[in-house]
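The structure appears below as structure tokens.
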Amino acid sequence: MADPSPAPDPDPDPRAHPDPKGFLHSSREEWPRRPVEDRVRDWNEVYVPGALLPIVRTQADRCMDCGIPFCHDACPLGNLIPDWNDLVARGDWRGASDRLHATNNFPEFTGRLCPAPCETGCVLAINQPAVTIKNVEVAIADRAWADGLAPPRPPDRLSGRTVAVIGSGPTGLAAAQQLTRAGHTVAVYERDDRIGGLMRYGIPEFKMEKRHLERRITQMRAEGTRFRTSTAVGRDIGAAELRARYDAVVLAVGATAWRELPVEGSELSGIHQAMEYLPLANRVCEGDLDASPLSAAGKDVVIVGGGDTGADCLGTAVREGAKSVTQLDIYAQPGAERDEDSDPWPVYPKIYRLSAAHEEARDLETAPAADADARLFAASTLRFTGDAAGRVRSLHLVEVDAERRPRPNTERVLPADLVLLALGFSGPDRSDGLVGQLGLSLDPRGTITRDADFATNVPGVYAAGDAARGQSLIVWAIAEGRAVAAAVDRHLTGASRLPAPIGPHDRPMTA
């Protein structure tokens with residue numbers, strides 16, 4: 001594991017005055033990554049330990065303290081970004097931690113995992129590189145833990161009301177922490193053997209070391225939240241029975257019903273879903289397995305799907321020692337600059353981004369035939385072919401236009417011993433019986449329907465996160481957890497002082 005101790009603050013004087021023209025005097029500088037050849041040999045986080053703190057105060061100083069900070073609207077949590085930027089620039093880490101935690105239960109998660117829509121909404125980004133908001137956020141969070149500024153906050157008194165939260169991803173954990181701190185007795189039910197949901201088994205260790213997750217779980221236990229692992233509601237315990245046992249139930253089960261790829265040859269051995277592959281690699285890091293039974297070691301790997309989950313598979317396969325790795329993205333390669341007509345500021349633009357995994361694939365040349373790094377853009381899978389034993393051996397693809405129509409004479413064949421499908425998710429998994437046993441109403445997308453108070457069609461049952469919203473970002477997941485907690489608190493007590501940063505039908509800014 002990387003060194004968990006942050007480097008000493010080079011100037012801890014809280015009386016320091018920020019530079020009001022910092023954005024004119026300093027350029028954007030991001031947390032440096034470790035050299036590719038070093039980091040692909042381990043599973044530690046990709047960033048240089050201790051290298052963020054020496055630069056973060058200067059970066060915070062670049063914030064212009066805008067009269068109308070669009071970064072607030074770009075982030076569904078409503079983070080007080082100019083406030084904590086100013087406090088970091090002054091060296092007031094306690095004040096910065098208080099402001100940050102006022103709107104975000106888990107900033108060390110979002111600071112590592114969120115794609116930072118706040119930065120694309122930064123006013124400075126109109127004509128300059130944006131403030132490194134995400135880096136400042138994670139620096140505050142890590143400094144808070146190092147300095148003991150994130151102690152447990154148990155309630156002063158208990159309400160006598162009980163709540164079951166089903167699911168322990170960021171939505172479930174945020175809802176549970178808010179409701180526990182409001183004085184309710186909360187139990188979190190998780191079907192896996194460890195708490196954390198996709199943060200535990202879906203997010204690779206090199207993106208977020210699980211010690212950050214364990215630290216929050218320890219905090220929540222000290223506050224009074226109870227955890228029930230290896231318990232699938234609907235299978236190990238009846239959903240109706242659980243509903244009868246608690247005053248309210250929050251469904252935060254995520255959207256884990258993965259999408260298939262219905263093409264010829266999809267039944268061949270060696271074709272797996274990303275969420276079959278990634279958890280096994282995480283279990284190796286947890287010490288549960290010596291090696292993954294789906295290891296990419298020595299194999300030609302093709303990843304179908306151009307999103308973040310596909311990139312997680314890419315970085316994992318590289319570390320496992322794949323012979324080659326290629327990622328297929330059905331969309332055309334985006335440009336390096338924002339298209340002001342289709343993606344005007346401050347919406348999140350479709351631009352070419354180089355994640356740590358793509359940087360690794362580019363430098364190591366894992367896919368010589370790729371358009372950029374390891375990706376083939378505007379590529380659609382036609383079929384798979386295999387050997388006499390029924391194992392996949394190749395993937396046949398075709399180039400497509402903007403309407404996803406095949407371009408003539410563009411068929412290609414890639415060698416493939418392992419194919420990973422990262423095509424997204426369509427809603428909550430129904431195999432455990434939870435949806436059917438409660439009689440929950442679903443919308444045409446397969447997600448759980450709810451009213452303006454996050455309530456489902458079943459009295460006392462609420463739905464939040466990807467299970468009801470559909471696939472989204474971790475900041476939306478945490479915002480949903482905080483908002484549903486306020487709704488449940490009102491239901492149980494008649495009023496609530498808990499913040500509700502979003503409504504169930506709010507959506508990101510679009511052009």
Side-chain angles (χ1 to χ4, degrees), residues 76-78 101-107 109 150-190 195-197 199 213 216-229 231 233 239 242-254 434 438 448 450-456 458-469 474-504:
L77 286 166
H101 283 94
T103 58
N104 188 350
N105 297 71
F106 314 122
F109 302 168
R153 292 170 46 199
D156 293 331
R157 61 181 66 86
L158 295 178
S159 68
R161 304 298 181 91
T162 59
V163 182
V165 175
I166 305 175
S168 67
T171 297
L173 292 181
Q177 184 165 65
Q178 292 293 95
L179 288 166
T180 296
R181 290 175 171 178
H184 306 303
T185 300
V186 181
V188 177
Y189 288 80
E190 170 55 54
I195 294 297
M199 290 189 297
L213 180 56
R216 281 295 176 185
I217 294 168
T218 299
Q219 179 197 53
M220 292 178 67
R221 289 187 193 277
E223 291 172 347
T225 301
R226 304 170 184 179
F227 295 100
R228 307 282 188 264
T229 56
T231 306
V233 178
L242 190 76
R243 172 66 192 94
R245 187 185 300 178
Y246 291 88
D247 295 314
V249 173
V250 175
L251 305 178
V253 295
L434 172 63
L438 287 176
I448 301 170
R450 55 192 179 168
D451 64 15
D453 292 320
F454 294 85
T456 71
V458 181
V461 177
Y462 295 76
D466 289 2
R469 172 173 292 274
I474 186 171
V475 282
W476 283 91
I478 295 173
E480 287 253 341
R482 291 171 66 86
V484 76
V488 172
D489 190 36
R490 281 195 305 273
H491 166 71
L492 296 176
T493 65
S496 180
R497 298 178 64 183
L498 294 177
I502 60 171

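Only this structure's heavy atoms are used, side chains among them; waters, hydrogens and symmetry mates stay out.
We find the OH-CG distance between Tyr189 and Leu251 to be 13.0 Å, quoted to the nearest 0.5 Å. One finds the CG atom of Asp453 at 5.5 Å from the CZ atom of Arg490 (value rounded to the nearest 0.5 Å). The distance from atom CE of Met199 to atom CD1 of Ile474, rounded to the nearest 0.5 Å, is 5.5 Å.
Side-chain contact between Gln178 and Pro499: present, with at least one pair of heavy atoms (C-beta onward) separated by less than 4.5 Å. Contact check for Leu77 versus Arg482: side-chain heavy atoms found under the 4.5 Å cut-off. Within the 4.5 Å cutoff, the side chain of Ile217 has heavy atoms near those of the Arg221 side chain. Considering only heavy atoms from C-beta on, Val253 comes within 4.5 Å of Leu434 through its side chain. Residues Val250 and Val163 form a side-chain contact, since some pair of their non-hydrogen atoms from C-beta on lies under 4.5 Å apart.
Across all non-hydrogen atoms, the minimal contact from Leu242 to Ala164 is CD2-CB, 4.1 Å. Across Ile478 and Pro170, no two heavy atoms sit closer than the pair CG1-CB, 3.9 Å. The nearest pair of heavy atoms linking Gly197 to Ser168 is N-OG, 3.4 Å. Considering every non-hydrogen atom in both Phe106 and Ala174, the closest pair reads CE1-N, 3.5 Å. Pairing each heavy atom of Leu492 with each of Ala248, the nearest pair is CD2-CB, 4.2 Å. When all heavy atoms of Leu213 and Gly196 are compared, the pair lying nearest together is CD2-CA, 3.8 Å.
The existence of a salt bridge linking Asp489 and Arg497 is excluded, since no basic side-chain nitrogen approaches an acidic carboxylate oxygen closer than 4.0 Å. Ion pairing between a basic and an acidic side chain is recognised when a charged N comes within 4.0 Å of a carboxylate O; Glu480 and Arg450 show such pairing.
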Can Trp476 and Thr171 be said to form a side chain to side chain contact (heavy atoms under 4.5 Å, CB included), step by step? CA-CA 8 Å; Trp476 283 91; Thr171 297; over 6 Å; no

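Between the Arg161 side chain and the Thr493 main chain, no donor and acceptor come within less than 3.5 Å of each other. In this structure, Arg243 contributes its side chain and Tyr246 its backbone to a donor-acceptor pair below 3.5 Å. Looking only at distances, no side-chain donor or acceptor of Glu190 sits under 3.5 Å from a matching main-chain atom of Thr229. Judged purely by atom type and a 3.5 angstrom limit, Thr162 uses its side chain to pair as donor or acceptor with the backbone of Asp247. Listed for the Gln219 side chain is a donor-acceptor partner under 3.5 Å among the backbone atoms of Ala150. A distance-only check finds a donor-acceptor pair linking the side chain of Thr456 to the backbone of Val461 [under 3.5 Å]. Side chain of Arg216 to main chain of Leu173: no donor-acceptor pair is present (N/O by atom type, distance under 3.5 Å, no hydrogens or angles). Judged by distance alone, the side chain of Thr225 and the main-chain N or O of Gln177 form no donor-acceptor pair under 3.5 Å.
More than 12 heavy atoms of other residues, nucleotides or ligands shown are found within 6.0 angstrom of CZ on Arg228.
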